[in-house]
Amino acid sequence: MAQILVRKIEESVKERIRKRARQHGRSMEEEARDILRSAVAVTKKPEGGLGTRIRKRFEGISLDEPIPELRGSPVKAAKFRL
């Protein structure tokens, strides 16, 4: 196993790690390892932007008309009836 030495940790950070370790019933060292593992865990990013994700969610629902692109269209104020 590799080792790493971290210097100049603020006392407040050290105390928060100590409290968190106590809450989880483990040593500060094990708590620090868990924090580091979580920080570098690989997470899968969603592919594409919001529009792509929405389109994928509604694929196959037999929409017959194309949805026009709204980018660059003028903004229109909403009209409300009282």
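These values consider heavy atoms only, across backbone and side chains, with no hydrogens, waters or symmetry-generated copies. The model shown is predicted, which means the values in this text are computed figures rather than measured ones.
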Cluster companions of Met28 among Ile, Leu, Val, Met, Phe, Trp, Tyr (side-chain spacing under 4.5 Å):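 Joined to Met28, directly or through intermediates: Ile4, Val6, Ile9, Val13, Ile17, Ile35.
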Which residues pass the side-chain hydrogen bond (donor to acceptor under 3.5 Å, both in side chains) test with [X], not counting sequence neighbours?
{"X": "Gln23", "value": "none"}
{"X": "Glu59", "value": "Arg55"}
{"X": "Arg20", "value": "Glu31"}

Pairs touching residues 6-16 that satisfy side-chain hydrogen bond (donor to acceptor under 3.5 Å, both in side chains), sequence neighbours left out: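 For residues 6-16: Glu15-Arg18.
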Partners meeting salt bridge (charged side-chain N to carboxylate O under 4.0 Å, His left out) with Arg37 (sequence neighbours left out):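 Expected list: Glu30.
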Minimum side-chain heavy-atom gap His24-Asp34 below 4.5 Å: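 Side chain of His24 against side chain of Asp34, heavy atoms only: no contact under 4.5 Å found.
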Taking every non-hydrogen atom, the tightest pair across Ala21 and Ser27: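 Closest pair (atom of Ala21, atom of Ser27, distance): CB-O, 3.6 Å.
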